[in-house]
Amino acid sequence: MTMTMSGTMSGGKTDVLISVSEAKLHYKVGGALAAMRGKSTVVKAVDGVSFDIRHGESIGLLGESGCGKTSMGRLLLKLEPMTGGSVHFDGYDLSTLTKAQLRDFRSRAQLIFQNPFDAINPRFSIRATLAEPLENAGIAKSEREGLIIKALELVKLPHPLSFLDRYPHQLSGGQLQRVVMARALILQPQFVVADEPVSMLDVSVRAGVLNVFRDVRDRLGLTAIYISHDLALVRYVCERTIVMYLGRVMEDGRTEDIVREPLHPYTKALVAAVPVPHTDQSHAPLPIGRGAPDPRNPPSGCVFRDRCPAAHERCAAEVPQPKHVGDRLVACHLY
Ligand code: SF4
């Protein structure tokens with residue numbers, strides 16, 4: 001049985017839209033030279049992750065760079081081939097979709113890219129940028145202009161008609177990220193993965209873009225995954241947070257509970273590094289010393305143990321499995 005936040009077999013609840021069970025994404029890296037030196041040539045970007053996402057739920061995938069959160073997001077969108085486990089979307093196993101089911105899935109599940117400057121073809125006008133997904137989905141030409149304008153209105157770009165013939169270099173970063181959002185939303189998806197959507201933007205425009213994201217999500221009743229290394233942003237956007245470290249889930253629970261009383265030692269470190277509101281304090285360094293270990297050679301047992309202030313003998317010998325602690329899941333031998 002796969003332990004998830006719902007505590008049922010994955011996919012067993014009717015309100016579950018997405019069910020992830022023991023998902024794995026392993027990459028081969030380094031090639032023959034690394035193998036000759038005795039280095040492992042496999043990076044376990046996602047390694048046995050399980051959770052359910054209910055209809056309309058917003059979940060933050062949180063962790064430092066290299067924790068596997070972006071890889072997990074890509075597995076949810078079937079943008080990477082899974083090494084093991086399964087992802088079910090609305091009852092369909094993503095690994096066995098027919099062509100017609102895949103086309104349907106592509107319109108119902110969308111990615112909001114991290115970097116708007118890379119996400120959009122600089123040679124396409126905004127009209128052409130937004131027309132592309134409509135054309136791919138077989139929407140008649142006569143209907144496209146109206147849908148494009150609606151999508152630009154949805155992301156609160158004022159005077160949307162004035163944007164249609166402009167090119168990406170004529171837009172600010174904040175405007176361009178709204179166009180990226182409009183393109184992800186134009187086919188009226190049910191589920192979006194937003195991969196650090198404000199991290200490349202100037203601090204002064206981040207709040208505006210985040211507010212648009214929250215507003216659109218609520219108005220459309222979207223199910224959303226928000227990927228970030230920033231707990232303060234996740235707290236602002238998501239009701240539930242899944243903390244990842246080296247490809248595994250460390251803690252999964254309501255965001256407010258996690259912020260107020262983190263249980264896993266890694267989550268405690270993330271919470272301790274959040275800046276105090278209304279001060280100039282930027283993010284403090286994580287109070288757990290050096291960075292994450294080489295993902296090709298993670299520690300035995302608990303992957304967090306060489307940074308964990310509470311590590312003990314059992315942590316080297318045994319991988320901690322997620323356990324219910326109240327209404328949270330925590331993967332740590334302390335519980
Ligand atoms: Fe720390 Fe051990 Fe818990 Fe891992 S299992 S977080 S090393 S106490």
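Side chains included, hydrogens not; waters and symmetry mates left out as well; all remaining heavy atoms used. Quantities reported herein were computed from a predicted structural model and do not represent experimental measurements. First listed ligand is number 1; within each ligand, the first listed atom is number 1.
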**Q.** Any donor-acceptor pair under 3.5 Å from T255 side chain to C238 backbone
**A.**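 Judged by distance alone, yes, a pair lies under 3.5 Å.
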Indicate yes or no: does [X] engage [Y] in a salt bridge with an N to O separation below 4.0 Å.
| X | Y | result |
| --- | --- | --- |
| E145 | K150 | no |
| R248 | D47 | yes |
| D195 | R74 | no |

Within ligand 1, which atoms have a heavy atom of [X] less than 4.0 Å away?
| X | result |
| --- | --- |
| P265 | 6 (S) |
| H264 | 6 (S) |
| R305 | 7 (S) |
| A310 | 8 (S) |

[atom]: nearest protein contact (heavy atom, Å):
| atom | result |
| --- | --- |
| atom 2 (Fe) of ligand 1 | C315 SG, 2.2 Å |
| atom 5 (S) of ligand 1 | H333 N, 3.3 Å |
| atom 3 (Fe) of ligand 1 | C332 SG, 2.3 Å |
| atom 1 (Fe) of ligand 1 | C308 SG, 2.3 Å |

Q) Just wondering, is there an N, O or S atom on C302 that's nearer than 2.8 Å to atom 4 (Fe) of ligand 1? A)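 Yes - counting backbone and side chain alike, C302 has an N, O or S atom under 2.8 Å.
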Q | Contact with ligand 1 for M250, non-hydrogen, under 4.0 angstrom | A |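 Judged by the 4.0 Å heavy-atom criterion, M250 does not count as contacting ligand 1.
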(Q) For F124 together with Y167, are the ring centres under 6.0 Å from each other? (A)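 Not close enough - the centres of the two rings lie 6.0 Å or further apart.
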Q) Mind checking whether F105 and F89 have ring centres under 6.0 Å apart? A)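 Centroid separation for F105 and F89: below 6.0 Å.
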Q: Look at atom CD of Q188 and say whether more than 12 heavy atoms of other residues, nucleotides or ligands are closer to it than 6.0 Å.
A: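 No.
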